[in-house]
Each structure stands twice: as C-alpha cells, then as structure tokens.
Amino acid sequence: MTASLTSADGRHALVVDGRPLRLLAGELHNSAASCPRHLASVLDRAAELGCNAVIVPLSWELVEPAEGEWDLALVDAALAGCRARGMRLVPLWFGMYKNAHSSYAPAWVKSDLRRFPRAETAPGRRIGACSLFDGDEGLRADARAFARVMAHIRDRDRDGTAVAVQVENEVGLLGAPRDRSPAAEAAFAAGLPRELGQGAWESRFGVRADEAFMAWHFARYVGAVAAAGRAAHDLPAFANAWLVQHAAESPGEYPSGGPVIHMQEVWRAAAPAIQALAPDIYLDDFAAVCAAYARPDNPLIIPEARRDEHVSAKAWYAFGQHGALCYAPFGIESIGLGENPPIDGVVALAPVSHESTAAGAAQLAASYRLLRGLLPAIEAQLGTPRCRGLLQTGDEAQPVVLGGYRFIARWNRPWGRRSLAGGGLIASPRDGEFWIAGHGFRIEVAPATGPGQAEWLAIDEGAFAADGAWLPGRRLNGDEYGIRFGDAPGVRRARLHTY
Ligand code: DGJ
C-alpha cells in the first residue's frame, strides 16, 4: 500500500494504491482523539457526513508521557476507527508547536526550562512557546517522537488507511516578529544561512527580515521533524498556515514565520520534506485564498475551513476550480449542531461564527456522497482549464467560459452569511460534452464568441454506483429541459451544440 504526492504539468495528485484520491474530509476538534470512546462517536459522525477521510490530532504529550516511554494506543484507535468506517486517516501531529504555542509538548518538556527554553517576545519576557534556539534539543525530542508514531503506523497500517500527514499545527511566533531570547538574537546577528545568500537578514528581506528569519528556523524545524517521520514511513507531508487576517496585520500579530504563501521561498529552501503549504481558511474570501495557494509548485490542501453555512458550496469550488487534494471543515463532528455543541458529553471549545445549521450539514453530506462518484469521473479535467468551480459570494451571477461556451450560473437564494450558498462545477471532457453538478443555481448558456445560439442536445440526470459507474436516470426535456439544481446537490451529463 502506497501513498504519494505527484505533480506534472502544474497538476497535482495524491496517488493512493496507484489511483488519484481527493480527500472529502473533515478535521476533528483538538481533543477528539484523546479518548477512544469519544473518538468512536465523532468518527461515526464523520462517516454519516460522507467523509472519505478524517484529519485526526495525535498529541505528543499522550504518546510520550514520560521521556522514552511510549503509549501508542490512541494511534491504534485512530487507525482502527477510520478503517472500520471505510475512511482514510490523515494523522495530525500536535508536536512542539500548536497554534504558536507548545501546549501539546509533554509535561517533562514544558517543565524543563533549562533544556527547553522558552521564546521571548522581549528580553526576559517568556511565552508559552518553546524557543527554536535551544541547540536543537526540542527538535531532537519532537522528531524522535514523531518518527516513533510514523514507524508504528507503518507496522500497523497494512492496508494503507493513513494516506498523508500534517506536521505540527499553525507554527509561528505570536507576540513579536521574532524571538528575542539571547540565543535567537545571536542567530539573527549571524546573518543569512548559506542557502539564502550572504549578508544580513535585512539586506535580503528588508522589512520582512524578522519574519523571514523566523520562517527559516520554523521551516527548518518542521522540515526536520517531517523528514524523521518520513524516513520511518513515507507519507505525503504538509504544514498548515494561520493566515494573515487583514492587510494591516504584521508578523507577530499573526504567527511570524509560519508557512504563509509569501514565505514560500524560505519554506521551500528550509523544509524540502514538506510537500505543501496548506491554508486554514477562516477568511470570508475563500476563493482568493484558494487562488493564492493553488500553484504549479503547491497543491491545494485545505486542512481547515470554517464550518459555516457555505461549507458545502466551498467544497464544490475547491475541487472544481483548483482540483484540491483535500478539503476539510474544522470540527467536522459538530457541523450542523449549532454553536459549541456538547458531543458525547464533551463540549467543543471552538465554536465558529455563522455556524452551519442541520440543513448545511445535510447539504455537505449529500455533496460529499455525490463528489465521491463524480470526482473520479472527471479526474483528467480536475486542476485544468477544462474544469471550473462555481461559488456564490454575492447575488451577482457567475460567468464561466469553458469549451467554447459562456455559462452563467444564477443563484437561487439571495446571498447571506446564514443562508445556504450555491456551489458547483462544470467539467468538459470533450468539446460539446459537459458534466454540470452542484446545488443552488441554474445555468444559462451561449456560444463564447460569434453569432448563433447554444442548444442542449441532451441532458441526463443520474447518479454514480459504488464502483463509480454512471447510472443514467431520466432524459430531461420538455418541462424539465435546462440545468437547475435546488438545495439538494445533483449532477447532469449534457451535450451542447451551436446553431
Ligand atoms: C485553528 C487551529 O489550527 C485548530 O487546531 C483549531 O484550534 C481552530 N483554529 C479553532 O477554530
């Protein structure tokens, strides 16, 4: 069983057992996998929601409660729980850094300030994050633990349930643009590493010198942890980013040195074992973030997305527009249950604004089920100009030019943060042939250029069998002529010509 990340001609694929697999996923709440009974209940929920993969946190403090003493029962529970429900596992390593803190480091790390000194936001002002400038003491301990987890997965996961891994979580320094501890100051004064050139950080990076300095050291750290894990079990590895929330924010207000796309060059140089920089998208402009991270040299992996009422529409867009490898709303198990819902007696501590309703959850589940069949059928078009995503971001219709035609998607519902949004995709495997799918819109079409009129030659509804075969339903004509989808996602296979 193998999983690898491939890139060719600007297209990317996560190839599992020889076939591309797009992860229709969800990320569990931070503490969900710390108790096997709780984990079982939330994996049930993820399976109900149609996920084919789950991102599951595994924490260093529980894996290595005392130095050199291992407890891998929770790793087994995550593997077995996903396998039993037919879902793939993406382990998420909460190692030394989680949201710019060292909250998941074991107590024996946190309490040994001599061996694992803290970062300082001003001389003498220590914070909750361990310093990167500790003679690599933390790196060695973290990398050894991660490698132990990956070796365990290699030994136990004979059927390839685990298909990728996230290394650390939203790293970076909060509270200052760079670590001001004495060792960090000495490293900064020493100037650029050979790989980035010569001279002072300021000479190469100007006003971004502090951020680039932290990016180099965080990337070097995360890359080394990733490399240690991949040496034990070579799964595709990515690092996720806490994004800049607004233009006026400066490094330190968002985690300085994290894998934001404007630090991509530094991250690539320092962390070759990290294969993708992955955005956690809580910003309103979902499409803009996708466009920034979906690049010929960076596959789009979305390990966290806001679980709002547009959660299903965003899934359609990420796969349709960019051929995303993974889309995962954060806190998938509480989707549709309202704000801060208790699950199995445990209250989720991280509500998000404009939480999705039961209708939004049902729509996501139906979309995931449909995308499971559709995405393999349009694999050759995904991530190419022969497939376009649709996403409602207002009341204006969305035009799409594809295969010689200009499509206009008109939305059914007025746009609102708390209202289901329209979303979908159009793929054209051959001239004149289209797959159109999604929810909440109707389509008008005309030739992209020149005179003449577009006419549907055939519109078939249908569904995909479990083995991926297309099962045509009615031929839609007469009163049913045209492409229209309500809140329930649907798919049409259609042919067009111009007369
Ligand atoms: C982003 C973090 O990466 C997650 O672990 C989680 O804490 C969410 N924020 C909560 O919204």
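Just follow the structure's listing: the first ligand is 1, and inside any ligand the first atom is 1. Values in this document were obtained by computation on a predicted structure and should not be read as measured data. Scope of the values below: all heavy atoms of this structure, side chains included, with no hydrogens, waters or symmetry mates.
- With a 4.0 Å cut-off on non-hydrogen atoms, W242 does not touch ligand 1 at all.
- Between the side chains of H233 and D155, no donor N or O sits under 3.5 Å from an acceptor N or O.
- Under a 4.0 Å heavy-atom criterion, H29 is not in contact with ligand 1.
- Ring pair Y327/Y368 is perpendicular by interplanar angle, where above 60° counts as perpendicular and below 30° as parallel.
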List the atom pairs, with distances to 0.1 Å, where a side-chain N or O of residues 49-63 and a protein N or O form a donor-acceptor pair under 3.5 Å, not counting sequence neighbours.
{"unit_1": "N52", "atom_1": "OD1", "unit_2": "L24", "atom_2": "N", "d": "2.8"}
{"unit_1": "N52", "atom_1": "ND2", "unit_2": "R22", "atom_2": "O", "d": "3.0"}
{"unit_1": "W60", "atom_1": "NE1", "unit_2": "E64", "atom_2": "OE1", "d": "2.8"}

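- Within ligand 1, counting atoms from 1 as listed, the ones closer than 4.0 Å to a heavy atom of D280 are 3 (O).
- For K98 and Y104, the positive end is not near the middle of the six-membered ring at less than 6.0 Å and at most 45° from its axis.
- Applying the 4.0 Å criterion to heavy atoms of N169 picks out, from ligand 1, the atoms 2 (C), 3 (O), 5 (O).
- Residue pairs that meet the ring pair (Phe, Tyr, Trp, His ring centres under 6.0 Å) test with at least one member in residues 236-272, sequence neighbours left out, do not exist here.
- For ligand 1, none of its N or O atoms has an N or O atom of N240 under 3.5 Å away.
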